[in-house]
Amino acid sequence: MKIGELAQLVDGNVVCGHAMLDREIEYAFASDLMSDVLTVRADKLLLITGLANMQAVRTAEMADIPAIVFVRNKTISEDMIQLAEDNGIVLIESPFTMFRASGILYSKGVKPVY
Amino acid sequence: MHFEYRVQGGDFVRAGQASSQVKKILKQLNVSPNIIKRVVVALYEGEVNIVAHAFQGKIYVDIETDKIRVVLDDVGPGIPDIDLAMKPGYSTASPIVREMGFGAGMGLPNIKENTDKMKIASVVGVGTRLEFEVNLKE
């Protein structure tokens, strides 16, 4: 699924990375624990998280995660946007709960990592 | 090639800057993305460990043609029981560290998983030295 399409499905507001909305996502991992995210090996991975801080974006940078959906109406800071832009990461704000966003994307064919 | 980075304990805003720079260097050297990911995930876990647990630390990175060697040296409380610290799920992290998304007790096991050689030595009340190597050729 394209990042732009999944952003629409979660009623998302794309905060940065508009040029990369055509990139493909195959898997998703939903977690507020970055230590767990860093154990995931899958490529084309979407991170769904309620942890809106610099470390969420850093984790995406290290793990080659092309896009993050921040659930539960979290606000994304300027520092986070700057870091994401430097590393070509798409940041999306969603008003949905983690469960709802995950459920929608799962039902549309985005795969779990295990 | 040799690089050194200073890491400040408790500074979660900057945590990951050293790992980020190493990632850019490895990219420029055309190392394969899979290997870069293993190196920087291990390095980032180690860098976050210094920020989370120590007062300050230094990271020494040596890149050779076939491997990368990393030493993370910190001044801090040290690890009383390394075997216990290596157990997945065991953590002594503070609530602040957990709020940052870490402290799940997955750091050291994940570093071991992503590296080809790993060594850890610690003196309680003095500090911890973590060394690892990753082969750069697949």
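Remember, predicted model here, so these are calculated numbers, not experimental data. Computed from heavy atoms alone, side chains included, the values below leave out hydrogens, waters and symmetry copies. All chains are named by letter (A, B, ...) in the order of the sequence lines, taking the proteins before the strands, and each is independently numbered beginning at 1.
Sparse packing is recorded around CD of Gln8(A), with 12 or fewer heavy atoms of other residues, nucleotides or ligands lying under 6.0 Å away. Within a 6.0 Å sphere centred on CD1 of Ile96(B), heavy atoms belonging to other residues, nucleotides or ligands number 12 at most.
The hydrophobic clustering, which links ILVMFWY residues whose side-chain heavy atoms are closer than 4.5 Å, places Val48(B) and Val41(B) together. Under a hydrophobic-cluster definition in which Ile, Leu, Val, Met, Phe, Trp and Tyr are linked whenever side-chain heavy atoms come within less than 4.5 Å, directly or via other members, Met20(A) and Leu46(A) are assigned to the same cluster. Residues Val22(B) and Val134(B) fall within the same hydrophobic cluster, defined by Ile, Leu, Val, Met, Phe, Trp and Tyr side chains chained together at heavy-atom separations under 4.5 Å. Residues Leu108(B) and Val40(A) share a hydrophobic cluster, clusters being chains of Ile/Leu/Val/Met/Phe/Trp/Tyr side chains in contact below 4.5 Å. Cluster annotation: Leu130(B) and Tyr5(B) are assigned to the same hydrophobic cluster (Ile/Leu/Val/Met/Phe/Trp/Tyr, side-chain heavy-atom contacts under 4.5 Å, transitive).
Annotation: side chain of Asn114(B) is in contact with side chain of Arg41(A) (closest heavy-atom distance under 4.5 Å).
In terms of non-hydrogen atom pairs under 4.5 Å with chain A, the most contact-rich of Lys37(B), Arg38(B), Met106(B) is Lys37(B). The candidate with the highest count of non-hydrogen atom pairs below 4.5 Å against chain A, out of Arg98(B), Glu45(B), Glu113(B), Lys24(B), is Glu45(B). Interface summary for chain A: among Asn34(B), Asn110(B), Val40(B), the most heavy-atom pairs under 4.5 angstrom belong to Asn110(B). The most heavy-atom pairs under 4.5 Å with chain A, out of Pro109(B), Gly105(B), Pro33(B), Ala104(B), come from Ala104(B).
Contact detail for Ser35(A) and Gly103(B): the closest heavy-atom pair is OG-N, 3.8 Å.
Only the side chain of Tyr44(B) comes within contact range of chain A, with heavy atoms under 4.5 Å apart. In this structure, the portion of Lys23(B) lying under 4.5 Å from any heavy atom of chain A is its side chain and not its backbone. Interface residue Gln17(B): backbone and side-chain heavy atoms are both found under 4.5 Å from chain A.
Proximity to chain B at a heavy-atom threshold of 4.5 Å picks out Leu51(A), Asn53(A), Met54(A), Gln55(A), Arg58(A), Thr59(A), Glu61(A), Met62(A), Ala63(A), Asp64(A) from residues 49-82 of chain A, in numerical order. The interface of residues 85-111 of chain A with chain B, defined by heavy-atom distances below 4.5 Å, comprises Asn87(A).
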